[in-house]
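The chain is numbered in sequence order, starting from 1. Only this structure's heavy atoms are used, side chains among them; waters, hydrogens and symmetry mates stay out.
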Amino acid sequence: MKQGRPLTRAARLLAPRSLQFQLLSRSLYILAALLVLVGALQSIWMKNFLYRNRAETMSIQLNGLPRDLLDHSSLLPERRGKNEEVQPGSERPRGPVLFLPDTSLAYIAPDGTFTDLTKESGMISPQLPAEEYTAVREEMAPRRPVSYKIVQDAVGTEQLVVFRPAERSGSFGGIIQMGTGTAQLQAVVLQQLWIYGALIVLALAGGLALNIPVLRRTLQPLNKMVEAVEQTDAGNLNERFPETQGQLEIDSLAKSFNGMLQRLETSFIAERDAKEQMRRFIADASHELRTPLTSIHGFLEVLLRGAADNPKQLYAALTSMHGESTRIKKLVEDLLTLAKLDRAPQLQLSDTRLDRLLLEMEPHLRMLAGTRTVHIDLTAGISGTFDPDKMKQVILNLFHNAVQHTDPETGVITVILSADRDGIALKVKDNGPGIPEEHAAHVFERFYRSDSSRTRKHGGAGLGLSITKSIVEAHGGTISVRSREGAGSTFVLTFPEIGEINGGKMLK
């Protein structure tokens with residue numbers, strides 16, 4: 001499947017799912033929301049400020065009007081004579097009432113009678129319900145802030161109205177109401193909103209222009225990581241990203257990614273080594289099995305050609321086939337043992353005296369050594385939790401390996417068992433030819449032979465030391481070899497004194 005072409009920086013910025021686009025758009029959304037909220041609050045505050053300022057101005061104008069201009073005592077019933085009748089039209093003030101343009105003026109008598117003083121010469125005065133005038137009358141007090149109301153007159157014009165008490169000779173004479181249209185004030189507020197809206201658009205445009213290069217520079221380390229990841233494959237897993245780029249999140253991501261690359265590199269190396277080991281194992285196993293099978297096949301052909309009628313040839317052929325089959329059986333058993341040890345070693349642990357175990361094996365060891373010299377140096381009383389049968393197999397494998405690599409006449413094999421504060425040590429030493437330095441690190445690998453001709457001579461398949469290492473490690477110990485060409489070899493087994501092995505108690 002073909003992969004798409006990588007996106008350019010401009011395309012990444014415009015892509016809705018890109019990080020740059022989302023950061024930019026969300027920051028602009030937040031900025032726009034904050035500016036709109038500020039604009040709304042500012043418009044409300046400005047409207048209230050303009051209305052209150054206008055109300056204070058009207059209150060000053062109302063207080064500055066001549067009292068005789070607003071003197072309606074002749075209209076008040078309590079001021080007229082008992083036999084005086086009110087003639088039609090006499091409720092109007094005597095003489096003209098002059099007032100400011102676009103302003104309404106009204107008088108509300110104590111009994112609630114509403115008189116519009118500018119109905120014919122100015123704006124129509126809006127009339128409030130009687131209960132509102134009662135509330136206004138009750139709220140009037142000296143040095144209180146000027147209060148105002150927004151109401152509509154009879155023709156639907158919105159007015160801002162203020163009130164003041166009409167006093168005469170120290171007694172309450174009703175309420176004087178002054179109003180003015182709010183169209184000019186609303187026009188000022190609307191103009192400010194338009195100006196502020198234009199400023200919001202300019203601010204967003206400026207934020208967009210400034211944020212794009214800032215975001216590009218901020219996300220540059222991340223873009224470099226993306227480009228590096230796109231070029232990463234199994235062939236360059238050893239590359240690492242810088243972990244100090246000045247951004248905490250990017251540095252943390254780089255550190256985590258480097259850890260992932262390290263784990264991948266380790267896994268690939270382990271997989272490659274495992275494949276190489278498996279390939280070598282299959283090749284070596286096939287080689288080891290092919291030799292005895294070829295030999296058996298050859299002897300069978302000899303028998304089929306008539307050698308079976310000759311007792312001497314028959315006996316020699318059967319003896320050889322029996323030896324080769326024994327070799328095949330030993331190889332298969334060793335392979336099965338390694339498979340079990342690799343899967344889950346099952347040890348029958350018990351308290352074991354290693355010195356007694358070696359003393360029991362001494363006759364067998366000396367028989368294997370033949371004419372070679374054997375020295376056994378034991379420290380009495382060394383005990384621990386071991387699987388006796390597996391430990392016998394370990395000792396036999398190491399001793400047999402020493403027998404194979406020493407001269408039958410001049411060979412000397414030494415077995416040493418000791419203990420100190422670091423644990424228990426078991427050493428098997430010989431005076432053989434030694435192991436070359438380049439081969440010493442591989443002697444515990446399966447089917448590994450530093451001298452193939454010598455191993456074939458003695459019938460070994462290169463599995464004994466591998467089995468020994470698996471058994472020692474199953475007991476929680478370690479095995480190593482110290483060797484020098486011409487000076488023999490020493491295999492050293494160490495077991496710690498404290499710990500746990502496979503859920504059981506280790507050494508005492």
Side-chain angles (χ1 to χ4, degrees), residues 270 273-274 276-282 284-285 288 330-349 352 354 357-358 361 365 368 384-405 413 415-418 422-430 432 434-452 454-455 458-483 488-496 499-502 504 506-507:
D273 293 343
E276 178 61 23
Q277 185 177 4
M278 180 60 66
R279 184 196 63 78
R280 188 169 62 248
F281 174 82
I282 294 174
D284 292 340
E288 294 294 334
K330 179 64 170 56
L331 177 61
V332 173
E333 289 177 350
D334 289 345
L335 291 175
L336 290 176
T337 300
L338 283 173
K340 292 178 181 179
L341 292 173
D342 290 341
R343 184 174 64 252
Q346 298 296 326
L347 303 180
Q348 303 297 325
L349 298 177
T352 305
L354 289 181
L357 184 66
L358 282 169
M361 298 179 62
L365 297 179
L368 288 176
T385 305
F386 296 98
D387 185 331
D389 294 335
K390 297 297 183 183
M391 290 303 299
K392 287 181 180 180
Q393 185 177 1
V394 167
I395 297 171
L396 285 174
N397 286 344
L398 294 178
F399 195 87
H400 187 265
N401 181 75
V403 170
Q404 287 182 330
H405 296 91
I413 302 174
V415 179
I416 303 173
L417 177 64
S418 62
D422 295 329
I424 297 175
L426 176 63
K427 301 178 182 178
V428 179
K429 182 179 180 182
D430 64 63
I435 304 173
E437 184 178 356
E438 63 272 15
H439 298 295
H442 304 283
V443 294
F444 298 106
E445 296 180 5
R446 300 173 186 182
F447 294 111
Y448 187 83
R449 295 187 299 270
S450 60
D451 188 349
S452 59
R454 180 183 60 192
T455 304
H458 296 283
L463 296 177
L465 292 179
S466 298
I467 295 175
T468 300
K469 181 181 179 182
S470 299
I471 295 175
V472 172
E473 291 179 348
H475 281 84
T478 59
I479 183 171
S480 60
V481 60
R482 296 194 296 246
S483 183
S489 303
T490 302
F491 287 85
V492 182
L493 282 66
T494 58
F495 299 94
E500 291 187 357
I501 303 175
N502 297 330
M506 274 186 57
L507 306 179

Checklist entry - According to the interplanar angle, ranging from 0 to 90°, do the rings of F495 and H475 count as parallel (below 30°), tilted (30 to 60°) or perpendicular (above 60°)? => result perpendicular

Checklist outcome for this item: Scanning both residues in full, the closest heavy-atom pair of P496 with G477 reads CD-CA, 4.5 Å

Item to check | Minimum heavy-atom distance L465-V443, with the two atoms named | outcome: CD1-O, 3.5 Å

Checklist entry - Is there side-chain contact between L357 and M391, with at least one heavy-atom pair below 4.5 Å? => result yes

Checklist entry - Heavy-atom distance under 4.5 Å between the side chains of V428 and L493, does that happen here? => result no

Does [X] have any side-chain contact (heavy atoms from CB on, under 4.5 Å) partners at least two apart in sequence or in another chain, and if so, which?
X	answer
T478	T494
K429	T414, T490
L368	H364, L396, F399

Next on the checklist: Can you tell me which residue among V492, L358, V394, L398 is in a side-chain contact (heavy atoms from CB on, under 4.5 Å) with L426?
Outcome noted: L358

Next on the checklist: Working to the nearest 0.5 angstrom, can you tell me the gap between T352 OG1 and K390 NZ?
Outcome noted: 14.0 Å

With [X] via side chain to side chain donor-acceptor pair (under 3.5 Å) - residues at least two apart:
X	result
S483	S489
S480	none
N397	T468

Item to check | Donor-acceptor contact present, side-chain D430 to main-chain I413, <3.5 Å | outcome: no

